[in-house]
Amino acid sequence: MKDLKTIRGMPDLYDEEVERISIVEKTCLETFKSFNFQEFRTPVIENKSLFQRSVGESSDIIQKEVYEFEDRNGELLCLRPEGTAGLVRALITNGLMNDEIKKFFYLGPMFRYERPQKGRKRQFFQAGAELIGEESTKSDVEIILLAKTILEKLNIKYTLEINYLGKEDSLNSYRSYLREYLQNFKDELGEKVYSRLQRNPIRLIDSKDSNIQEICKNASDISEFLNNEEKESFKRTIKSLNDLKIEFNVNKKLVRGLDYYTGTVFEFIADGLGAQNAVIGGGRYDNLIKDLGGRDLPAIGFALGIDRLAEIINVAERKKDIFIGSVDDDSINYAQYIGNKLRENIEGLVVENYLGNANVAKQLKKADSQGFKFVMIVGQEEQNTKSFKLKNLNDGTENTLGEEELVEFLNGR
């Protein structure tokens, strides 16, 4: 049927692709919990105004990428394009605004209406961590260490890049400087691009457009607009990273794409992803909670591209333990009983109970072609004697075992 197709940029996921995503998600979950972060789940749909107030009216997300729609009551809603704003909204909504340091993580789908390409889809999956209530550089280091640990567990080679944007006054001074700087290039940029950069001039700094890169190569960077306190704060972060032997590069062109960032920002860059090579990005957002109506609480966090990491991890062949075939239909129930007993008594055992109609020879071939280590065939004789011939498909050896012996033998597989 013509209409039965996926939406552009929102592919179905199956086979090895799902396996890869599951590995990344499992690694994230284990690492988050090892750092004592607690899971927080927020709705996929939020009011669009939440993201207009948080990521910025002039950001690419709001201008071009948000999936928005009106509900039956005329409210303007959208599919969430990122996770931080929704989590902050949830903290405010649920009254979780005390002075205790809070550590939360999330996993789930995000949505952005942009041109699908390698490493970038319209429905994608992110994991993120947010550390709220601690303003010192200790929290900067903790959140960077958490992100670094996930990549190292996945055996991904990376480069860490960091920068410091300064707080609101410094950022506003820098924006004013860039707007004035851009006036000299109005004709070169064209009215549309010039207007967009005037609204959000910091996007000039990390633009991938070669013309814009040429224009901004003589512009001052943010470090010249920082006050002494901000410079000292960044120095402390750098010292802590050096003390922990965390390698990094200071990238003065790194600004991140969301308006709520202040202070330390960072990205982890990985090989093998082409132009979309940032797999983790984050930074401080000390004003966001207050700006959304909550208390004046400092915060830092990051988001991680699950899909992007899934593309570059090395996946070991999935372990398959035992294929249990049957001589005939009358033997299948007993074979299922044996298979279930093995699962109940041996944690993590992968058992295939064959339910088809192939003959024994074809069942043995299936077990081998599907990568199982062991195979056994159940018939009337096995039901009567409660004894089974177990064949190792790797080396061809065979063992005849009773039910309890079978459990014990496979438990030591």
Side-chain angles (χ1 to χ4, degrees), residues 10-11 13 16-46 51 54-55 61 65 79-91 102-112 119-132 139-158 160-161 256-258 260-261 265-270 272-273 276-285 288 299-315:
M10 298 184 180
L13 303 172
E16 186 179 318
E17 193 167 10
V18 168
E19 187 77 16
R20 288 171 171 274
I21 286 173
S22 295
I23 290 169
V24 176
E25 290 176 336
K26 181 180 178 183
T27 302
C28 289
L29 280 169
E30 291 173 350
T31 310
F32 289 145
K33 290 180 179 180
S34 74
F35 277 71
N36 197 33
F37 279 65
Q38 310 300 312
E39 186 172 8
F40 209 119
R41 299 192 184 192
T42 61
V44 172
I45 299 174
E46 296 272 7
F51 300 101
S54 58
V55 305
I61 289 177
E65 298 171 2
L79 299 176
R80 62 186 183 190
E82 59 94 41
T84 298
L87 192 142
V88 169
R89 191 273 311 147
L91 295 179
K102 300 167 188 63
K103 301 195 294 184
F104 295 113
F105 73 87
Y106 60 85
L107 295 99
M110 308 292 166
F111 304 85
R112 294 185 190 177
R120 180 168 285 184
K121 300 182 181 124
R122 290 180 173 179
Q123 176 177 298
F124 55 99
F125 296 87
Q126 281 190 346
E130 316 291 351
L131 200 163
I132 297 164
S139 58
D140 295 22
V141 175
E142 183 77 355
I143 209 79
I144 289 172
L145 187 61
L146 170 56
K148 168 182 175 290
T149 302
I150 291 172
L151 293 181
E152 289 178 348
K153 284 186 175 182
L154 291 169
N155 295 314
I156 290 175
K157 293 181 179 179
Y158 62 84
L160 169 61
E161 297 187 345
R256 302 289 298 146
L258 308 180
Y260 54 63
Y261 284 118
V265 291
F266 61 91
E267 283 185 349
F268 285 84
I269 309 299
L273 286 170
Q276 305 300 328
N277 59 354
V279 292
I280 298 179
R284 296 206 69 87
Y285 51 95
L288 179 60
I300 184 170
F302 69 78
L304 171 154
I306 292 174
D307 316 61
R308 292 186 186 180
L309 288 177
E311 288 185 25
I312 57 175
I313 61 172
N314 293 317
V315 179

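Keep in mind that this is a model prediction, so the values were computed, not measured.
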Next item on the list: Taking the side chain as every heavy atom from C-beta outward, state whether Gln38 and Phe40 have any pair of such atoms under 4.5 Å apart.
Entry: no
Next item on the list: Check the pair Leu288, Tyr261 against side chain to side chain contact (heavy atoms under 4.5 Å, CB included), reporting the backbone distance first and the verdict last.
Entry: CA-CA 8 Å; Leu288 179 60; Tyr261 284 118; over 6 Å; no
Next item on the list: Using a strict cut-off of less than 4.0 Å between a Lys/Arg side-chain nitrogen and an Asp/Glu carboxylate oxygen, indicate whether Glu82 and Arg80 qualify as a salt bridge.
Entry: no
Margin query: Determine whether Lys121 and Asp307 satisfy the following criterion, side chain to side chain contact (heavy atoms under 4.5 Å, CB included), listing intermediate values before the conclusion.
Written below: CA-CA 9 Å; Lys121 300 182 181 124; Asp307 316 61; 4.3 Å; yes
Check: CD1/Ile300 to CD1/Ile132 distance, rounded to the nearest 0.5 angstrom?
Finding: 11.5 Å
Note to self: Show the nearest heavy-atom pair for residues Phe268 and Ile144, with the distance to one decimal.
What the structure shows: CZ-O, 3.8 Å
Item checked: Residue list, side-chain contact (heavy atoms from CB on, under 4.5 Å) with Val315, at least two apart or on another chain -> Glu19, Arg20, Ile23, Ile313
Item checked: Pairing residues for Glu130 by the salt bridge (Lys or Arg N to Asp or Glu O under 4.0 Å) criterion, not counting sequence neighbours -> none
Next item on the list: For residues Ala270 and Ile156, report the shortest heavy-atom separation together with the two atoms involved.
Entry: CB-CG2, 4.0 Å
Notebook entry, point to check: Would you say Ile150 and Phe32 make side-chain contact, with heavy atoms under 4.5 Å?
Noted result: yes
Notebook entry, point to check: Centroid-to-centroid, Phe105 to Phe37, below 6.0 Å?
Noted result: no
Checklist line | From CA spacing to verdict: side chain to side chain contact (heavy atoms under 4.5 Å, CB included), Asn314, Asn155 | finding: CA-CA 8 Å; Asn314 293 317; Asn155 295 314; 5.5 Å; no
Notebook entry, point to check: Roughly how far apart are Glu152 CD and Leu145 CG, rounded to 0.5 Å?
Noted result: 8.5 Å
Item checked: Considering all heavy atoms, the nearest Leu107-Ala127 contact -> CG-CB, 3.9 Å
Next item on the list: Find out whether Glu65 and Pro81 are in side-chain contact, i.e. whether some heavy atom of one side chain is under 4.5 Å from a heavy atom of the other.
Entry: no
Item checked: Spatial distance of atom CZ (Phe124) from atom CE (Met10) [nearest 0.5 Å] -> 10.0 Å
Notebook entry, point to check: Which atom pair, heavy atoms only, marks the closest approach of Tyr106 to Ala303?
Noted result: OH-CB, 3.8 Å
Margin query: Filter on salt bridge (Lys or Arg N to Asp or Glu O under 4.0 Å), then keep only pairs touching residues 21-36, sequence neighbours left out; what's left?
Written below: none
Checklist line | Heavy-atom check, side chain of Lys153 versus side chain of Thr149, under 4.5 Å | finding: yes
Note to self: If I take atom CG from residue Leu79 and atom CD1 from residue Ile45, how far apart are they, to the nearest 0.5 angstrom?
What the structure shows: 6.0 Å
Checklist line | 4.5 Å side-chain heavy-atom contact, Thr84 and Tyr260 | finding: yes
Note to self: Nearest 0.5 angstrom please: Arg308 CZ to Ile280 CD1, how far?
What the structure shows: 11.5 Å
Notebook entry, point to check: Hey, what do you get for NZ (Lys103) to OG (Ser139), rounding to the nearest 0.5 Å?
Noted result: 11.0 Å
Check: Just wondering, do Ile269 and Glu161 contact through their side chains at under 4.5 Å, heavy atoms?
Finding: yes
Item checked: Heavy-atom side-chain contact between Gln126 and Ile306 under 4.5 Å -> no
Notebook entry, point to check: Is there side-chain contact between Val279 and Leu304, with at least one heavy-atom pair below 4.5 Å?
Noted result: no
Next item on the list: Any chance you could lay out the side chain to side chain contact (heavy atoms under 4.5 Å, CB included) test for Phe125 and Val24, step after step, and finish with the verdict?
Entry: CA-CA 11 Å; Phe125 296 87; Val24 176; over 6 Å; no
